[in-house]
Peer 1: 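A single structure is presented below for examination.
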Amino acid sequence: MRVEGGVLLVRALEGQGVSRVFCVPGESYLPVLDALVDSGIDTVLCRQEGGAAMMAEADGKLTGRPGIAFVTRGPGATNASAGVHVAAHDLTPMILFIGQVPTEFRGHGAFQEVDYDKMFGGMAKAVFEAATAAELPDLVAEAFRLALDGAPGPIVIALPEDTLSGEAEADIPSRVDAIDIHPAESKLEDLWAMLEGAKSPILILGGSRWTDGAIADIQEFAAHFHLPVACSFRRQSLFPSLHPNYAGDVGIGISPALKARIEASDLVIAIGARLGEMPSQGYTLFDVPTPKQRLVHVLPDDTELGRLYHPALSILSDPVSFARKAAQLVAPATVAWSGQAEEAHAAYLAWSTPTPDAAARSGYVDMNVAMAHLEKVLPARSTLTNGAGNYAGWLHRFHRFSDHAAQLAPTSGSMGYGLPAAVAAKLRHPDRTVVCFAGDGCFQMTMQEFGTAVQAGAAVIVLVFDNSQYGTIRMHQERHYPGRPSATALVNPDFAAFARSYGAFAATVERSEDFAAAFDAAVADGGPALLHVKTDPDRISVTARLPFSPART
């Protein structure tokens with residue numbers, strides 16, 4: 001039977017197992033919105049397209065399947081590009097559907113027309129435009145295949161109005177799954193030989209395509225071979241922080257002990273981690289193109305192997321397939337690096353234990369005190385999210401992550417990510433405690449999505465750390481142009497009043513001793529909640545206070 005293109009598209013999504021989409025409505029894709037009414041797919045109404053795309057990206061991280069966002073043409077697409085950028089850098093499967101002008105108007109400079117090939121060509125893995133209603137189901141299946149293939153990433157599909165409203169009859173393709181990329185047995189033999197000759201090896205985990213099973217396999221591999229394990233920038237949920245082999249995270253604010261350990265290592269096994277600018281400490285931790293450490297690089301994308309670094313051993317494999325094989329390797333009875341994992345973990349525990357700031361000023365909340373309380377009361381199965389800003393340093397350093405869904409954070413450093421990600425996480429895992437960390441500047445990038453949380457019933461807890469400035473930029477200004485702040489001071493609203501205007505629980509916290517009770521009350525409320533936490537503008541980062549000398553920092 002012939003049906004509208006919008007119906008075929010929604011049926012194709014159902015065939016791929018899609019249970020939720022995020023959108024901002026637009027007249028350019030009305031047939032899809034209508035078809036969703038009769039679908040079992042949960043449609044989450046967002047407030048701005050950037051938030052919708054970030055929610056879809058976070059959902060893709062959590063499920064391993066493409067997160068889905070629908071936005072309207074022109075301004076809708078340009079707003080949504082922020083989420084596509086996150087997905088591209090974070091290797092997240094995602095599909096962005098964009099309304100497009102009618103086919104007959106293409107190239108005429110029609111209302112809100114954009115050339116999406118040019119706009120997204122350097123950001124998305126592929127950009128498609130549907131020519132007919134009949135091809136929509138196959139196009140959806142192909143988008144899923146490409147989004148999941150090799151190194152995952154975002155796909156963009158433009159939907160001309162006449163394609164969606166046109167009628168056709170078409171079969172719905174079966175579900176598409178990622179193709180396993182198994183490591184060659186000879187490569188595993190080479191890896192075993194390199195381990196046998198090593199004196200101070202270390203694992204670094206990163207990237208995407210991980211599962212709970214793969215993380216369990218890597219734990220077994222690390223335990224058998226007594227290997228210290230570090231996680232790449234904002235990938236701390238790939239290994240339990242309290243595992244006796246965990247050494248810490250390799251990112252902004254890296255522990256000096258861990259940095260020294262990697263520098264002194266004679267064998268670095270990087271699994272899924274591309275070792276870009278942040279984890280490589282500005283490309284200084286590993287020499288480019290040939291690191292002084294012997295590098296074993298395990299990636300699911302052969303175009304990335306050898307592109308930046310020339311590894312001693314390259315292994316083409318997805319993390320799941322590699323981890324399964326690595327767990328089966330038989331470790332020697334003794335290893336030359338015995339005890340190093342325990343040393344690395346002890347150093348991590350010391351580094352990640354918050355202590356009150358001796359220089360804390362009254363009238364502000366000491367974030368060390370806040371973190372200490374959170375570590376005491378948060379359930380093990382919690383999800384913490386953040387966007388970009390120095391405030392995230394306290395979270396990354398002091399929180400002990402437990403499982404694969406414990407962290408949602410953009411490696412791209414995209415401001416505003418924390419709140420949309422928290423909404424997506426709470427909807428996907430309503431049983432988990434979900435806490436969003438946001439600076440005052442970061443929060444105001446997407447604060448309207450608090451309305452999405454309320455409307456969707458996503459009981460997220462938002463912590464807005466307010467130091468009345470773009471703190472990270474102010475820090476860099478003081479380093480390079482001391483005493484000359486420019487365009488970084490913020491006049492902020494009453495964030496608690498903002499949340500209460502939606503009917504949510506909210507409180508303002510201005511003293512360290514009041515944080516615990518306020519947070520506990522937010523949890524007890526059971527609905528969306530926000531704490532407006534006033535922090536010292538001079539405590540510019542975890543380790544620095546203003547004023548400071550560039551030479552000392």
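Heavy atoms only: backbone and side chains are in, while hydrogens, waters and symmetry mates are out.
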Peer 1: Testing the basics here: between F450 and A529, what is the closest heavy-atom pair and its distance to 0.1 Å?
Peer 2: CE1-O, 3.9 Å
Peer 1: Just so I know, are the side chains of E342 and P244 near enough to count as touching, which here means a heavy-atom distance under 4.5 Å?
Peer 2: no
Peer 1: Look at the side chain of T353 and the backbone N and O of L349, then say whether any donor-acceptor pair between them is shorter than 3.5 Å.
Peer 2: yes
Peer 1: In sequence, state the C-alpha distance, the side-chain angles, and the governing distance for D177 and R65, and then conclude on salt bridge (charged side-chain N to carboxylate O under 4.0 Å, His left out).
Peer 2: CA-CA 8 Å; D177 288 305; R65 303 281 295 172; 3.2 Å; yes
Peer 1: Taking E304's backbone N and O only, do any of them form a donor-acceptor pair with R274's side chain (distance below 3.5 Å, no angle check)?
Peer 2: no
Peer 1: When you measure from the side chain of Q16 to the backbone of V176, do you find a donor-acceptor pair of N or O atoms at a distance under 3.5 Å?
Peer 2: yes
Peer 1: Answer yes or no: is there an ion pair linking D536 with R545, defined by an N-O contact shorter than 4.0 Å?
Peer 2: yes
Peer 1: Start with the C-alpha gap between T92 and E57, add the side-chain angles, then the distance that decides, and say whether side-chain hydrogen bond (donor to acceptor under 3.5 Å, both in side chains) holds.
Peer 2: CA-CA 6 Å; T92 306; E57 190 278 341; 2.6 Å; yes
Peer 1: G416 and M54: which non-hydrogen atoms are nearest, and at how many Å?
Peer 2: O-SD, 3.8 Å
Peer 1: Keeping the roles fixed (side chain from N245, backbone from A222), state whether a donor-acceptor pair exists under 3.5 Å.
Peer 2: yes
Peer 1: Is the backbone of H243 close enough, under 3.5 Å, to the side chain of H345 for a donor and an acceptor to pair up by distance?
Peer 2: yes
Peer 1: Using a distance-only test with no angle check, is there a side-chain donor-acceptor pair under 3.5 angstrom linking S321 and D180?
Peer 2: no
Peer 1: Kindly indicate whether the side chain of M475, heavy atoms from C-beta on, has any atom under 4.5 Å from the side chain of S541.
Peer 2: yes
Peer 1: Holding to side chain to side chain donor-acceptor pair (under 3.5 Å), I want the full list of residues that pass it with E263, two or more places apart in sequence or in another chain.
Peer 2: K259
Peer 1: Side chains of D249 and H396: do they bring a donor and an acceptor to under 3.5 Å?
Peer 2: no
Peer 1: Quick one: list whatever passes side chain to side chain donor-acceptor pair (under 3.5 Å) with R235, sequence neighbours left out.
Peer 2: none
Peer 1: Can you find a pair of side-chain heavy atoms, one from V250 and one from S232, that are under 4.5 Å apart?
Peer 2: no
Peer 1: From the options V229, I215, I269, select the one residue that forms a side chain to side chain contact (heavy atoms under 4.5 Å, CB included) with L205.
Peer 2: V229
Peer 1: Is it the case that H182 and D318 place a side-chain donor and acceptor less than 3.5 Å from each other?
Peer 2: no
Peer 1: With D59, which residues qualify under salt bridge (charged side-chain N to carboxylate O under 4.0 Å, His left out), at least two apart?
Peer 2: R428
Peer 1: As a quick check of understanding, evaluate side chain to side chain contact (heavy atoms under 4.5 Å, CB included) for N368 and T355, giving each step before the final call.
Peer 2: CA-CA 6 Å; N368 298 281; T355 56; 5.6 Å; no
Peer 1: Are the side chains of M94 and P66 in contact, using a 4.5 Å heavy-atom criterion?
Peer 2: no
Peer 1: For R539, enumerate each residue passing the salt bridge (charged side-chain N to carboxylate O under 4.0 Å, His left out) test, keeping only those at least two apart in sequence or located in another chain.
Peer 2: D357
Peer 1: What pairs meet the salt bridge (Lys or Arg N to Asp or Glu O under 4.0 Å) rule with one or both residues in residues 288-297, with sequence neighbours excluded?
Peer 2: none
Peer 1: Any idea which heavy atoms bring D440 and V464 closest together, and the distance?
Peer 2: CA-CG1, 4.1 Å
Peer 1: Is the backbone of I540 close enough, under 3.5 Å, to the side chain of N390 for a donor and an acceptor to pair up by distance?
Peer 2: yes
Peer 1: Does any N or O in the side chain of W210 come within less than 3.5 Å of the main-chain N or O of H404, such that one atom is a donor and the other an acceptor?
Peer 2: no
Peer 1: Report the C-alpha separation of H226 and S338 in whole Å, then their side-chain angles, then the decisive distance to 0.1 Å, and conclude whether the side chain to side chain contact (heavy atoms under 4.5 Å, CB included) test is met.
Peer 2: CA-CA 7 Å; H226 306 279; S338 179; 5.6 Å; no
Peer 1: Does K187 have any salt bridge (charged side-chain N to carboxylate O under 4.0 Å, His left out) partners at least two apart in sequence or in another chain, and if so, which?
Peer 2: none
Peer 1: Output every pair passing salt bridge (Lys or Arg N to Asp or Glu O under 4.0 Å) with a member in residues 325-339, not counting sequence neighbours, ordered by first then second residue.
Peer 2: E185-K325
Peer 1: Residues two or more places apart in sequence or in another chain: which of them pass ring-ring contact (aromatic ring centres under 6.0 Å, His included) with F401?
Peer 2: H399
Peer 1: Distance only, no hydrogens: is a donor on one side chain within 3.5 Å (strictly under) of an acceptor on the other, for S265 and Q293?
Peer 2: no
Peer 1: Can you see which heavy atom on P93 is nearest to which on L148, and at what distance?
Peer 2: CB-CD2, 4.1 Å
Peer 1: With sequence neighbours left out, which residue pairs that include part of residues 286-323 fulfil the ring-ring contact (aromatic ring centres under 6.0 Å, His included) condition?
Peer 2: none
Peer 1: Mind listing the closest non-hydrogen atom pair of P420 and G51 along with its distance?
Peer 2: CB-O, 3.6 Å
Peer 1: Any side chain to side chain donor-acceptor pair (under 3.5 Å) pairs touching residues 280-290, not counting sequence neighbours?
Peer 2: none
Peer 1: Looking at every non-hydrogen atom in both residues, tell me the closest pair between P332 and W192 and how far apart they are.
Peer 2: CD-CZ2, 4.3 Å
Peer 1: Assess, by modelled atom type and distance only, whether the side chains of H480 and H476 contain a donor and an acceptor separated by less than 3.5 Å.
Peer 2: no
Peer 1: In the structure I gave you, are the side-chain heavy atoms of L299 and L316 within less than 4.5 Å of one another anywhere?
Peer 2: no
Peer 1: Taking the basic N atoms (NZ, or NE/NH1/NH2) and the acidic carboxylate oxygens, is any pair closer than 4.0 Å for K125 and D149?
Peer 2: no
Peer 1: How far apart are the C-alpha atoms of S352 and R400, what are their side-chain angles, what is the distance that settles it, and do they pass the side chain to side chain contact (heavy atoms under 4.5 Å, CB included) test?
Peer 2: CA-CA 8 Å; S352 63; R400 275 82 182 264; 2.9 Å; yes
Peer 1: Please list every donor-acceptor pair under 3.5 Å in which a side-chain atom of residues 378-388 meets a protein atom from a residue at least two apart or in another chain.
Peer 2:
from, atom 1, to, atom 2, distance (Å)
R381, NH1, D403, OD2, 3.4
S382, OG, P379, O, 2.7
T383, OG1, A405, O, 2.7
T383, OG1, R432, NE, 2.9
T385, OG1, G418, O, 2.8

Peer 1: Please list, chain by chain and in numerical order, all residues satisfying side chain to side chain donor-acceptor pair (under 3.5 Å) with T211, sequence neighbours excluded.
Peer 2: none
Peer 1: Side-chain contact, heavy-atom cut-off 4.5 Å: R361 with P537?
Peer 2: yes
Peer 1: Within the distance-only criterion (no hydrogens, no angle test), does the side chain of R209 pair as donor or acceptor with the backbone N or O of G150 below 3.5 angstrom?
Peer 2: yes
Peer 1: Look at the rings of Y391 and F465 and say which category their plane angle falls in: under 30° parallel, 30 to 60° tilted, over 60° perpendicular.
Peer 2: parallel
Peer 1: Compute whether any side-chain donor of one residue and acceptor of the other, for T411 and D90, lie under 3.5 angstrom apart.
Peer 2: yes
Peer 1: Could you check whether any side-chain N or O of R261 sits under 3.5 Å from a backbone N or O of S200, counting only pairs where one atom can act as donor and the other as acceptor?
Peer 2: no
Peer 1: Would you say the side-chain atoms of Q236 pair up with the backbone N or O of S241, donor to acceptor, closer than 3.5 Å?
Peer 2: no
Peer 1: How far does CD1 of I254 sit from CH2 of W351, to the nearest 0.5 angstrom?
Peer 2: 9.5 Å
Peer 1: Does the pair V435 and V462 meet the rule for a side chain to side chain contact (heavy atoms under 4.5 Å, CB included), with working shown?
Peer 2: CA-CA 6 Å; V435 180; V462 182; over 6 Å; no
Peer 1: Should I461 and V523 count as side-chain neighbours, where that means a heavy-atom distance under 4.5 Å?
Peer 2: yes
